[in-house]
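Both backbone and side-chain heavy atoms feed into the values below; hydrogens, waters and symmetry mates do not. Numbering of ligands and ligand atoms starts at 1, following listing order.
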Amino acid sequence: MNDYDLYFNNYIIKIIDKDIKNNKNLKIKTRFPPEPNGYLHIGHAKSIFLNFLIANKYNGECNLRFDDTNPLNIKNKYINSIKKDIDWLGFKNKYNVSYTSDYFDEIFNFAIKLINKNLAYIDKLTINKIKIYRGNLNKIGIDSPYRNNSISENIDYFIKMRNGYFKENEICLRAKIDMKSKSLLMRDPILYRVKFTYHKRTKNKWCIYPTYDFSHCICDFLENITHSLCTLEFEENKKLYNWILNNIDINGFIPKQYEFSRLNLEYNILSKRKINFLINKKIINKWYDPRICTISGLRNRGYTPNSIKVFCKKIGVTKKNSNININILENCIKTDLYENSYRIMSVIDPIKLIIENLNDNYEEEIYVPNFPNKKLSSNRKIVFTKIIYIEKSDFCECLSNTCNKFSIGKIIKLRYSYIICAKKIFKDKKGNIKSILCFLYENTVNSIYLNNIKINKIIHWVSYKKKINSTFYIYENLFLDKYPYKNKNILNIINKNSLIIKNGFIEKSNNKIIKNRIYQFERIGYFYTKLYYKDKNLIFFNIVNI
Ligand code: ATP
Ligand code: MG
């Protein structure tokens with residue numbers, strides 16, 4: 001089975017297949033219902049792919065429905081960013097846009113219907129009292145003294161409530177279900193609240209707004225949603241979802257809710273509220289900071305839509321909560337970039353290496369492949385010179401035989417170039433290595449053997465003469481803890497080194513460096529540049545390490 005088949009081998013698909021078997025004309029319709037109070041993150045991507053891929057599989061439809069029941073939270077910039085992210089993930093022109101507020105009239109009429117059926121009532125208890133009367137898991141609820149008011153009284157109050165007669169928190173509409181229910185949510189949940197807040201779409205038309213629970217199921221019904229997929233924390237709400245739809249006298253296919261587990265990702269936080277907190281505390285730079293797994297952050301980091309899609313397929317859809325290993329996400333982008341990104345050599349933390357048996361002005365042109373793993377690769381020309389740079393971390397001063405780094409007396413191969421041996425270290429007054437003197441074995445450019453012995457260690461390098469000064473932005477996890485969402489104060493677990501800036505070099509070849517092109521720095525990782533400069537150095541941004 002490939003990833004795609006495996007992905008669709010889940011319990012939700014089995015339910016849909018069964019529903020279609022029982023009702024051949026059923027047109028499958030799903031929805032993705034974000035609240036536009038922040039940017040989307042990779043957890044949302046899990047839900048987006050599930051909903052859109054199901055719609056696609058069954059030739060159905062998926063709606064993007066903005067849940068704008070709380071006028072305080074909504075911002076146009078969030079609406080726009082959500083659309084942009086979904087389009088970028090590959091679903092441009094593949095969805096209808098709607099808003100919960102499109103249905104405020106219908107939702108209001110269904111509320112009237114419930115009152116007329118004596119299944120909803122106006123409560124004048126304060127919000128605090130409502131909470132106390134509701135009880136808890138060990139204590140059954142107590143009926144509100146307003147619970148048995150007459151239908152006409154309730155209708156009268158509800159109309160007054162809509163007309164702005166009451167203050168906020170003075171009055172609300174509640175479903176009349178069961179104050180003794182084992183489920184706290186079923187103890188007469190609130191359906192409508194007073195809020196004198198201007199709404200971006202309905203302007204000043206309403207001063208009462210339905211709750212998420214009341215509006216969500218009704219919108220699903222009005223949009224002919226067949227399968228309403230949400231995360232596990234809504235499992236409890238399903239009772240209310242079904243109660244409302246069963247009591248508002250509707251015909252046709254009644255949507256059903258199914259749950260799946262939320263995505264949690266090691267070392268990451270996937271919660272709009274907490275991401276916003278990090279922005280306000282200036283820990284990160286806006287919603288699209290490359291260190292957080294918002295869709296825009298990942299895009300900014302250099303992730304591709306395909307890598308996110310492959311990731312969502314790999315993790316699949318289950319009912320089991322888990323904290324996904326960050327390597328799974330990183331492997332998806334690495335696989336995506338492996339074949340088609342240009343190779344170049346770069347040295348991020350340089351030390352000088354001097355070849356003793358070459359002339360000062362020695363220059364040798366070497367043709368190297370841009371895509372070493374493709375059968376037909378174009379080449380570029382780099383230049384080998386007497387002085388080159390290698391990575392500090394590739395060299396070790398120790399003389400131990402068990403250390404596999406380059407060191408005095410050891411023979412290694414320079415990538416695409418000669419086999420060399422380290423002879424002597426030069427240090428500055430502080431004891432730091434200034435340069436390493438090496439001996440070069442002639443006629444070894446095209447060989448990895450020296451006297452019939454295979455040289456296993458290969459290291460990359462950049463010519464001292466033919467280089468481009470570069471600054472590298474290297475990212476690490478933003479949090480030090482694998483489970484940041486379990487910490488009460490996430491400020492205590494911030495990794496202060498989540499951004500490391502280094503100055504080094506990249507090779508100067510006959511290939512021009514292209515803006516936004518993704519390069520694999522050999523043996524290091526994937527980077528791209530926006531062609532910005534810092535102190536005359538070209539800036540490269542790290543996508544993922546090798
Ligand atoms: P947040 O906690 O980040 O604010 P939310 O659940 O409040 O998330 P919504 O805008 O209400 O965000 O979510 C839209 C849809 O995305 C919902 O159906 C929700 O279940 C789903 N979703 C949100 N977070 C995740 C996640 N981490 N994994 C999977 N699905 C998610
Ligand atoms: Mg929310």
Side-chain angles (χ1 to χ4, degrees), residues 7 10 12 29-55 62-70 72-75 77-83 85-86 89 91 95 97-100 211-213 215-217 219-220 223 225 227-238 241 255-279 284 287 292-298 308-309 311-324 326 328-329 483-486 490:
Y7 181 72
N10 68 46
I12 294 174
K29 204 162 171 194
T30 55
R31 87 287 168 269
F32 174 66
E35 186 177 3
N37 60 346
Y39 282 47
L40 297 182
H41 50 64
I42 194 161
H44 293 115
K46 174 176 176 175
S47 174
I48 290 169
F49 278 111
L50 179 65
N51 282 294
F52 279 87
L53 293 181
I54 284 180
C62 181
N63 282 4
L64 165 61
R65 187 201 308 140
F66 289 106
D67 165 25
D68 58 353
T69 37
N70 187 353
L72 277 172
N73 291 344
I74 310 154
K75 288 205 174 113
K77 70 169 182 183
Y78 296 140
I79 292 180
N80 293 336
S81 79
I82 290 171
K83 284 187 197 152
D85 288 349
I86 296 178
L89 286 173
F91 301 106
Y95 55 87
V97 178
S98 62
Y99 296 81
T100 300
T211 53
Y212 172 84
D213 278 327
S215 58
H216 192 75
C217 53
C219 291
D220 280 350
E223 291 188 342
I225 303 301
H227 299 81
S228 182
L229 313 175
C230 61
T231 38
L232 279 174
E233 15 7 313
F234 290 95
E235 204 160 17
E236 230 358 69
N237 303 53
K238 183 156 57 185
Y241 185 101
K256 296 232 161 45
Q257 176 186 307
Y258 301 97
E259 305 85 21
F260 61 95
S261 65
R262 264 183 111 75
L263 169 66
N264 295 309
L265 197 56
E266 284 179 355
Y267 303 104
N268 276 281
I269 259 174
L270 301 181
S271 147
K272 287 179 276 188
R273 190 177 53 78
K274 287 183 182 162
I275 295 172
N276 207 8
F277 173 75
L278 293 175
I279 297 171
I284 53 170
W287 288 89
I292 45 166
C293 285
T294 51
I295 305 296
S296 46
L298 288 165
I308 299 172
K309 182 174 177 179
F311 171 73
C312 290
K313 282 188 182 163
K314 268 203 160 58
I315 56 170
V317 178
T318 66
K319 281 201 163 199
K320 220 176 100 195
N321 277 318
S322 62
N323 201 27
I324 301 289
I326 186 73
I328 298 179
L329 179 64
Y483 306 91
Y485 61 92
K486 286 188 182 167
I490 52 173

field: Sub-4.0 Å heavy-atom approach of H41 to ligand 1
entry: yes
message: So for R273, does at least one of its heavy atoms come nearer than 4.0 angstrom to any atom of ligand 1?
response: no
message: Are F32 and F91 an aromatic pair, judged by ring center distance below 6.0 Å?
response: no
field: Validation row, ring centre F234 to ring centre Y212 under 6.0 Å
entry: yes
- request: Would you tell me which option among E35, R262, K274 has the nearest heavy-atom contact to atom 8 (O) of ligand 1?
  value: R262
- line: Note: heavy atom closest to atom 15 (C) of ligand 1, options F32, Y485, Y78, belongs to F32
Those atoms of ligand 1 less than 4.0 Å from some heavy atom in [X]:
{"X": "P34", "result": "10 (O), 14 (C)"}
{"X": "H44", "result": "8 (O), 9 (P), 10 (O), 12 (O), 13 (O), 14 (C), 16 (O), 22 (N), 23 (C)"}
{"X": "T231", "result": "19 (C), 20 (O), 29 (C), 30 (N), 31 (C)"}

Quick one: does [X] get an N or O within less than 3.5 Å of an N or O on ligand 1?
{"X": "N37", "value": "no"}
{"X": "C230", "value": "no"}
{"X": "G43", "value": "yes"}

message: Between N73 and E35, is there a side-chain donor-acceptor contact under 3.5 Å, judged purely by atom types and distance?
response: yes
task: May I ask you to check whether R65 and T100 show a side-chain donor-acceptor distance below 3.5 Å?
output: no
query: Could you state the interatomic distance from OG (S228) to NZ (K256), rounded to the nearest 0.5 Å?
result: 11.5 Å
task: With rounding to the nearest 0.5 Å, note down the distance linking CG in L50 to SG in C312.
output: 9.5 Å
task: Can you label the angle between the F52 ring and the Y95 ring as parallel, tilted or perpendicular, going by 30° and 60°?
output: perpendicular
